[in-house]
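Written out below as structure tokens is the structure these notes cover.
Start at 1 with the first residue, then count along the sequence.
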Amino acid sequence: MRLERRAALAAAATTTTLLLTTLAAVPAHADPGTGGVTTVPLESSLRGPDTLRDIGPRPTASFALVGVSWDDPAEVLDGGVQVRTRSALTGRWGDWYDLEADRDDRPDELTGRGATAPLWVGPSDGVAVRVTAGTRPFPAGLRAELVDPGADPVAAPAPRPAEPGLRAGGAAPRPGIVTRAGWGADESIRESGFGYTGDVRAVFVHHTDTTNDYACTDAPKMIRSIYQYHVKSLGWRDIGYNFLVDRCGTIYEGRAGGVAEPVLGAHTLGFNTNSAGVAALGTYVSAQAPQAQVDGVSQIAAWKLGLTGKDAQGTATLVSASDGSKYKKGTSVQFKSVSGHRDAFNTECPGEALYTRLDDIRSWAAHLQGR
């Protein structure tokens, strides 16, 4: 989802290491049965140029997703962030992984906390973090966010099945969608009520910048973790995406408010109005998205656009709501009805490999609309 900046970060002239200081005694499940978030404060310690000090490893409460956040969402962390975790299943420490420091999936208004992209690491009980300074001072309030997805729902409602057949006049069959209850959303943690926009004119395709090496049975856990990260760690009202699609092609309801309704999401800075965000679970910079996942994105895009007769191979004009986007606030921009996140923001999202499949997605979505 972010610009590829690792080479620039490695070349930064000043190197500062942030130290993990204390680990609060937070239980593995802060909310029984629904998981929880453990926060680990970070403090800075100046070191010499080109010096990087590893902090940790140290034991933690259980978690499966990790990120780093800071107080002011307007602040930029332009250094490098890496994490290393210990598997709760094997007891072994894994490799160091980069966290992308830019967070361009967010509400149009700057609220909550700034943060890196989260990383899905699977069941873990230990962490090490190292952060390298760039050209800017570190933002205040840096902390690691360790998210435990909690247990899967017991007897969750079955997803409504897909509707058969093609439609005429731009409508498309409704695909099967796993509801929020189906993936185990804890509705008590999000803000009450719902936010809506006007008719959905465009669908922005994203990737979640998380691992591709996951079992599809773990997708609900990953979505619960992203949900908690967005709400508990970043202070958003709900998960940012309107829909998510796993590598097996299963479609999941994202932000609450009704899958057929024009729910206002927090997925494409500046262009959340009159749009819907569909996120492919995974990272598709060089790795190819499975065909089933591409098909799932096509199906939900076709149906969502078709609800108001929008052609999946057409165009839509949207107005930028933020100077932080690719276009100044108030600028009218023409997008393809199915666009990539990078079309609206200076980012690599949804990854080059998935971006090159957007024509295929548009074509299949238009076919499903009977065009």
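Distance alone, capped at 3.5 Å, is enough to place a donor-acceptor pair between the K304 side chain and the V259 backbone. A donor-acceptor pair under 3.5 Å links the side-chain atoms of Q369 to the main chain of K310, judged by distance alone. Between the side chain of T38 and the backbone N or O of A61 there is no donor-acceptor pair closer than 3.5 Å. In this structure, the side chain of Q293 engages the main chain of V245 through a donor-acceptor pair within 3.5 Å.
Side-chain contacts under 4.5 Å among hydrophobic residues (ILVMFWY), followed directly or transitively, place V263 together with F194, Y196.
Ring pair Y241/H230 is tilted by interplanar angle, where 30° to 60° counts as tilted.
Applying the side-chain contact (heavy atoms from CB on, under 4.5 Å) test to K328 and every residue at least two apart in sequence or in another chain returns D323, T331. Under the salt bridge (Lys or Arg N to Asp or Glu O under 4.0 Å) criterion, D246 pairs with no residue, sequence neighbours left out. Listed by chain and residue number, E352 satisfy the salt bridge (Lys or Arg N to Asp or Glu O under 4.0 Å) test with R342 (two or more places apart in sequence, or in another chain). Taking the salt bridge (Lys or Arg N to Asp or Glu O under 4.0 Å) definition, one finds that D343 meets it with nothing, sequence neighbours left out. Residues passing the side-chain contact (heavy atoms from CB on, under 4.5 Å) test with P220 are D152, W183, R224, Y252, sequence neighbours excluded. Checked against side-chain contact (heavy atoms from CB on, under 4.5 Å), Q313 has the following partners two or more places apart in sequence or in another chain: D311, R362, S363, A366. Residues satisfying the salt bridge (Lys or Arg N to Asp or Glu O under 4.0 Å) test with R247, not counting sequence neighbours, are none. Contacts of F335 classified as ring-ring contact (aromatic ring centres under 6.0 Å, His included), with partners at least two apart in sequence or in another chain: F204, F271. Legend: residues meeting side-chain contact (heavy atoms from CB on, under 4.5 Å) with A292, ordered by chain and number and at least two apart, are absent.
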Start with the C-alpha distance between Q291 and D295, add both sets of side-chain angles, then the distance that settles side chain to side chain donor-acceptor pair (under 3.5 Å), and finish with yes or no. CA-CA 6 Å; Q291 186 61 47; D295 290 344; 2.9 Å; yes
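No hydrogens or angles considered: a donor-acceptor pair under 3.5 Å links the side chains of Y227 and R180.
Identified under the salt bridge (charged side-chain N to carboxylate O under 4.0 Å, His left out) test for residues 117-126, with sequence neighbours left out: R86-D125. Residue pairs meeting the disulfide (SG to SG under 2.5 Å) criterion with at least one member in residues 222-267, sequence neighbours excluded: C216-C248.
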